[in-house]
Amino acid sequence: MVIGIIGGGSSGMAAALAAAENPSAQVILFERQARLGRKLQATGNGRCNLTNLNSAPYHGNQPEFAAPALSQFNVESTLQWFRNMGLFTVAEPSGRVYPYSDQANSVVDVLRFALDKPNIQIKTGFEVTRIRKGFVVEGNGEAIPCQRLIIACGGLAGTKLGGSMSGYQLLRSMGHRMTKLRPTLVQLKSGWSGVSALKGVRANCRAQILLDGNVMADSVGEIQFTEYGLSGPVIFEIGRDVCQSKGDWRCRLDFLPEQFDLDAELHRRRSTSLPTDELLTGILHNRLGRVLTKAAGISGGHPISTLSDEDIEAVCHNVHGFEITLSEPLGMDSAQVTAGGILTADFDPTTMESRLVSGLYACGEVLDIDGDCGGYNLQWAWSSGRCAGLAAGKE
């Protein structure tokens with residue numbers, strides 16, 4: 001029995017290893033890029049946040065579709081699976097799990113070594129252009145017959161690293177439907193003119209997403225200012241579907257969510273000879289402090305002693321509740337994950353097999369399932385890939 005797997009990313013490699021557990025199965029892994037796991041190497045800023053010890057909701061038209069696969073191949077099973085391949089891991093207090101080496105290459109390498117099996121053939125640089133009925137895979141001038149086929153092409157996000165429409169197109173050619181695609185785990189653009197002055201500044205804060213004044217999402221973490229807007233882990237956590245509908249979208253930032261008595265400290269500073277530019281020195285990043293002070297209507301160069309109670313109150317308000325307008329997310333090039341995808345209603349959630357075409361499977365990001373920031377999307381890739389591979393590999 002020949003099992004074809006299109007896509008050599010996280011879910012495709014997991015599927016190949018699972019299918020190959022049947023020694024009589026011959027697995028062919030097709031990857032259009034020159035090497036396997038290219039996007040995986042870039043995850044977590046090159047560290048590879050491969051799963052999370054905590055649980056979090058998944059998203060999609062049918063988010064409950066993810067539950068059976070995640071239950072069959074849970075976090076504990078995933079960590080043991082990697083340990084059996086020789087990977088040492090470490091968990092941070094947040095629950096995020098990384099390779100002990102802190103290098104994504106370690107994850108890709110152990111998977112690559114594990115795939116070196118007699119019944120697994122890897123065809124890199126192979127662009128699948130068409131699937132004929134009966135699962136004849138066409139590409140690179142070849143036509144390769146398979147008895148079963150797994151589509152694990154990933155999503156459109158991260159186009160510079162290999163994201164493409166190919167998986168969606170192949171599944172649509174077999175009669176499957178898809179939802180609207182949009183970027184998620186992505187930076188947000190702002191129309192606020194002051195954002196460029198803060199380029200490169202990082203700050204720990206509480207961030208809230210507001211739509212027409214109503215809080216839509218809320219989290220605490222690190223934010224990073226860019227020349228176009230906002231980035232950083234907390235933005236990835238709360239930014240899903242921001243600016244995907246009309247309205248006044250804003251991000252409210254509390255740069256001192258801890259219980260510091262900022263008002264008392266700033267009143268104390270009125271007895272110093274410091275200029276107003278240094279009002280928040282020692283509390284916040286210098287550039288951020290100056291921007292917040294200026295936004296409160298206080299010009300630089302004057303002694304802090306000249307500030308009124310109202311001035312101090314305005315600065316405190318900015319430190320604890322500064323609002324930045326949001327215009328749109330960056331595009332798919334910058335996104336880490338695709339929201340939306342092939343409709344899950346047409347697949348069996350326990351096997352990932354198509355309800356429309358017997359012997360056809362799909363797994364990973366190509367399906368309409370996505371998770372929060374923190375390793376949840378890779379966990380979905382491992383779980384769904386393994387379920388598809390085990391099911392396809394059965395006699």
Pairing residues for [X] by the side chain to side chain contact (heavy atoms under 4.5 Å, CB included) criterion, not counting sequence neighbours:
| X | answer |
| --- | --- |
| V201 | L198, F225, H285, R287, L288 |
| S327 | K189 |
| C387 | A69, Q72, M352 |
| L343 | N61, R177, T179 |

Practice task
Might you confirm whether atom CZ of R172 has over 12 heavy atoms from other residues, nucleotides or ligands at distances under 6.0 Å?
Solution key: no
Practice task
Give a yes or no on whether E138 atom CD has more than 12 heavy-atom contacts from other residues, nucleotides or ligands under 6.0 Å away.
Solution key: yes
Fill in the blank from the handout: Besides L185, the hydrophobic cluster formed by Ile, Leu, Val, Met, Phe, Trp and Tyr side chains linked at under 4.5 Å, directly or via other members, contains F236, V337
Exercise for the section: Supply the members, apart from V186, of the Ile/Leu/Val/Met/Phe/Trp/Tyr cluster built from side-chain contacts under 4.5 Å; use none for a lone residue. Expected result: Y228, L330
Using salt bridge (Lys or Arg N to Asp or Glu O under 4.0 Å) as the criterion, list what pairs up with [X], not counting sequence neighbours.
| X | answer |
| --- | --- |
| E265 | R268, R269 |
| R47 | E92, D102 |
| D368 | none |
| E353 | none |

Handout entry: Modelled atom types, side-chain donor and acceptor of Q41 and N105, under 3.5 Å
Key =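 Their side chains do contain a donor-acceptor pair, which is all the 3.5 Å distance test asks for.
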Exercise for the section: Answer with yes or no whether the side chains of N52 and Q379 bring together a donor and an acceptor at under 3.5 Å. Expected result: no
Practice task
Inspect the contact between R270 and D309 and indicate whether a charged nitrogen and a carboxylate oxygen are less than 4.0 angstrom apart.
Solution key: yes
Handout entry: Validation row: L50, L79 side chains within 4.5 angstrom (heavy atoms)
Key =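 L50 vs L79: side chains touch.
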Completion exercise
Tightest non-hydrogen contact, residues Q187 and S231, listed as CG-OG, 3.1 Å
Practice task
Can you tell me which residue pairs pass the ring pair (Phe, Tyr, Trp, His ring centres under 6.0 Å) test with a partner in residues 368-395, sequence neighbours excluded?
Solution key: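 Qualifying pairs, neighbours excluded: W81-W382, F82-W382.
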Handout entry: Non-neighbouring partners of Y168 that pass ring-ring contact (aromatic ring centres under 6.0 Å, His included), sequence neighbours left out
Key =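 Counting only residues at least two positions away or on another chain, Y168 forms no ring-ring contact (aromatic ring centres under 6.0 Å, His included).
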